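Please read the structure below before turning to the comments.
Treat the numbers as computed from the prediction; the structure is a model and nothing was measured. As a basis for the values below, the full set of heavy atoms in this structure was taken, side chains included, without hydrogen atoms, waters or symmetry mates.
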Amino acid sequence: MKNKYLLLLCLVISQLPVLSQSSQQLRIDSLRKTLPGLSNNTLVDCLNELADQHWSFLEETNRKDSMYHYAVMANEAATKIRYQYGQALSLIQMSQYEFFVRRDALAGNALVKQAIEIGQAIKDDKILGKAYLMAGDLKKSAQHFRTAGDVVGELEATTWLCESYANEGKYEEGFDYCDRAVQLSKLITPQHSNWPHELVQWSYLNMATLYEAAGDYETSMDYIKQCDQYAKANNLSWRMTISIGKMFELAGQYDSALFYWQQWKKNYDSYAAGHKSFGDNILARIYLNTGRYDEALALTKAGGIATVKKSSPRPYGSLLLVARIYIHKRDWKAALKFATEGFDLAKKRKSRPSVMEGYELLSKIYHALGRDDHAYANLRQYTLLKDSILNRQFLWRLNNYKKAADDEKKKASVELLMKDNDIKDQQLKQEDLLKNFLIAGIISLVLTSFFIFRALRLQQKTERLGLENALTVHKLESEKQQAEFRQKAVELEMQALRAQMSPHFIFNCLSSINRFILKNETEAASDYLTRFSRLIRLVLSHSEKQWVPLEDELDLMRLYIEMERLRFKDSFDFNINFSRDLDPSAIMIPPLLLQPFAENAIWHGLMNKEGPGHLEISFSSDENILTCTIADNGVGRNKAEALKSKKDVKRKSMGLQITRDRLAKLNMESDRNTFFEVEDLYDQAGQAAGTKVVLKIRLASATLEVPVHHNNYA
């Protein structure tokens with residue numbers, strides 16, 4: 001087993017391309033700089049790593065000599081300080097040099113034996129794994145590496161076990177090792193050496209070999225492409241171009257095979273001898289299958305058996321290929337010579353797949369030569385060996401493995417999709433959260449601006465009323481400050497509502513009371529003062545409520561109109577009426593809503609009229625809409641405006657403007673769509689005969705889609 005392993009390793013190394021070693025050189029330089037400052041165990045470890053790094057440089061004999069130099073130094077230093085782990089590791093590296101450079105198996109075995117003894121003494125599974133690897137006992141090596149938790153070491157041992165069984169055609173026995181190697185390759189995280197990378201690539205290629213042997217070229221190609229993708233992802237120079245070309249050749253796609261061969265040929269001069277032979281044989285098979293026999297022979301260097309043996313690390317494969325070419329040329333004598341030589345060499349090397357191919361070729365050759373007894377015997381051996389190599393158990397396990405791998409890919413794809421969906425959901429949530437913060441910020445800004453603006457307006461109104469206290473608005477820093485600010489804003493708004501009654505009206509009322517007193521009309525003065533105090537009390541009471549019964553609002557309206565009649569010496573009369581289906585006590589309306597309209601009618605319509613005036617106020621409801629009509633037979637809006645200009649009246653009545661603002665606010669905050677319209681009245685002669693205001697209030701929750709008409713009335 002040991003000799004087979006050593007031969008196998010030589011064959012593998014001879015087929016590898018020259019790999020990029022810049023990272024290794026950097027590591028070597030770093031170790032050399034560190035070396036002078038080290039001592040004891042760390043010195044030995046550094047020397048051993050330097051030896052290992054130099055060994056990784058393929059096809060460079062001077063590197064191998066440097067490797068041996070550092071290994072000997074490590075061994076001497078470790079022996080001196082009795083550092084057994086470092087001593088055993090150096091012995092293993094020295095044995096590598098004996099086996100593969102000096103070709104001295106006896107000296108190599110002696111060094112390995114010492115390393116095993118030390119490993120057993122210190123019970124170090126990693127050392128034992130490396131030692132048994134060099135001794136060629138791959139199964140023991142893999143077991144010790146697994147116990148030690150050395151993934152790279154176990155991967156190397158299982159890779160060569162898989163390779164060994166595959167070369168011998170023992171696919172069933174090698175299957176578990178190939179599977180284990182693929183699983184281990186997923187755990188590899190190489191740092192300073194290319195060797196672990198190469199082991200990962202071999203694990204994929206070995207699994208591809210199993211599927212190739214079973215004739216499943218599609219799955220074999222899939223593993224080869226995975227190997228190539230790994231090389232690309234890790235910036236490795238060993239690409240799978242020629243292996244992809246081989247799979248296309250086996251699948252009969254010769255144009256594609258030739259394309260990849262030409263891509264591989266671009267770096268031909270940099271390849272090792274075995275790798276060149278491998279590629280040349282693929283082109284030879286392409287030529288063979290496309291009828292270009294002479295060109296195929298030229299590529300195999302078919303001048304003689306000795307030439308073929310010398311040019312290929314696995315000559316039996318090349319010899320059998322030459323035999324196959326001669327069969328197509330019908331040169332049976334030459335075909336028999338090369339087939340026999342290749343067959344004998346394959347049997348000697350125990351390569352059962354090549355032995356099986358030899359039986360097949362010899363059967364064809366003997367049949368063509370008329371020696372059917374030999375042909376039948378070889379055909380029978382071919383059939384038996386084929387059934388042995390590609391047994392049902394192996395094909396069944398290979399198929400199940402493929403199915404499990406496909407299921408794993410699907411599962412990984414689903415998990416990746418779910419992860420992607422989770423990421424997208426998280427992004428959407430973050431976007432929604434950001435959007436909500438933005439909306440909240442805008443709303444806060446709008447509300448803050450509104451309250452500031454409102455506060456300024458209310459402050460101006462408060463100053464006009466002679467209030468001494470001023471409202472100072474500070475920037476809000478907390479929710480508590482915002483709440484305090486809102487409370488102040490509400491209080492000021494209430495003050496404005498209480499101040500809605502015209503100051504001019506209040507002063508006139510006080511003047512009238514004073515006049516009654518001076519004239520000793522005590523009863524009239526007392527009655528007027530009683531009405532005035534009751535009116536003020538109602539105004540203050542209503543201003544504290546958001547809604548009041550229509551009945552209470554009309555009480556306030558009557559008091560106001562009666563006081564105006566007294567003040568204007570009964571120059572007008574008024575009337576308030578309802579439709580029969582209307583219950584004033586059951587209807588709720590905003591407080592102080594009707595008084596501004598009555599005030600406007602009296603001051604700008606009836607006060608300027610010559611002769612008796614009349615104010616008519618009526619209520620009706622239809623489809624949950626309360627309609628209030630306030631009509632006067634005064635001078636009309638145009639004449640009232642003209643008289644106002646002549647008198648140069650600078651006082652601006654705010655009653656209707658406040659009412660308009662309140663209605664707008666009401667419409668926004670509830671579903672009670674309330675609005676009013678102003679209409680000029682004319683007599684039969686077309687002369688102004690008064691003004692009519694129609695105020696409508698929706699009593700239900702539905703929104704009435706009627707716009708607010710902003711007509712200016714007086």
Side-chain angles (χ1 to χ4, degrees), residues 447 450-451 454 457-458 461 483 486-502 505 533-562 576-601 617-630 654-678 693-710 713:
L447 288 175
F450 170 76
F451 285 126
R454 185 79 176 195
R457 284 191 60 195
L458 293 174
K461 293 177 183 179
R486 293 192 189 98
Q487 183 62 30
K488 291 179 181 179
V490 170
E491 290 175 0
L492 288 175
E493 185 176 2
M494 291 301 102
Q495 290 176 10
L497 290 175
R498 295 184 188 111
Q500 188 166 312
M501 297 297 292
S502 170
F505 164 75
S533 64
R534 184 183 173 200
L535 178 63
I536 295 302
R537 190 159 47 249
L538 284 175
V539 169
L540 294 175
S541 175
H542 284 195
S543 66
E544 295 174 353
K545 301 175 182 177
Q546 189 175 3
W547 303 91
V548 296
L550 176 60
E551 187 176 40
D552 293 349
E553 182 71 3
L554 292 180
D555 287 344
L556 186 148
M557 177 80 83
R558 288 191 185 93
L559 273 173
Y560 169 74
I561 295 174
E562 287 174 356
I576 300 176
N577 54 68
F578 306 90
S579 60
R580 293 182 178 180
D581 57 345
L582 204 64
D583 182 3
S585 64
I587 297 174
M588 304 296 288
I589 66 171
L592 303 176
L593 186 64
L594 304 178
Q595 182 272 337
F597 295 105
E599 178 183 353
N600 218 47
I617 302 174
S618 60
F619 294 90
S620 63
S621 65
D622 183 24
E623 296 182 355
N624 294 324
I625 296 177
L626 175 66
T627 302
C628 174
T629 304
I630 303 173
M654 299 297 292
L656 284 181
Q657 183 59 44
I658 292 174
T659 301
R660 184 178 289 110
D661 293 342
R662 291 181 63 208
L663 290 178
K665 181 180 178 183
L666 175 67
N667 291 338
M668 286 190 295
E669 294 180 350
S670 68
D671 60 355
R672 299 195 177 193
N673 195 4
T674 303
F675 63 95
F676 67 88
E677 294 178 341
V678 182
V693 176
V694 179
L695 175 67
K696 293 192 176 184
I697 304 173
R698 177 173 286 278
L699 301 179
S701 60
T703 302
L704 185 64
E705 297 181 358
V706 179
V708 176
H709 298 272
H710 299 290
Y713 177 33

In Å and rounded to the nearest 0.5 Å, what is the [atom1] to [atom2] distance from [X] to [Y]?
X: Ile625; Y: Ser620; atom1: CD1; atom2: OG; answer: 10.0 Å
X: Arg558; Y: Leu538; atom1: CZ; atom2: CG; answer: 12.0 Å
X: Thr629; Y: Phe597; atom1: OG1; atom2: CZ; answer: 11.5 Å
X: Ile576; Y: Met557; atom1: CD1; atom2: CE; answer: 6.5 Å

Practice problem: Identify the two heavy atoms, one from Gln595 and one from Glu553, that lie closest to each other, and give their separation to 0.1 Å. | Solution: N-OE2, 4.4 Å

Practice problem: Test Val693 against Asn600 for side-chain contact (heavy atoms from CB on, under 4.5 Å), laying out the working first. | Solution: CA-CA 10 Å; Val693 176; Asn600 218 47; over 6 Å; no

Side-chain touch [X]/[Y], heavy atoms, less than 4.5 angstrom:
X: Leu695; Y: Ile630; value: no
X: Leu556; Y: Leu559; value: no
X: Val548; Y: Leu592; value: no

List the atom pairs, with distances to 0.1 Å, where a side-chain N or O of residues 578-589 and a protein N or O form a donor-acceptor pair under 3.5 Å, not counting sequence neighbours.
residue	atom	partner	partner atom	Å
Ser579	OG	Asp581	OD1	2.8
Asp583	OD1	Ser585	N	3.2
Asp583	OD1	Ser585	OG	2.8
Asp583	OD2	Ser585	OG	3.4

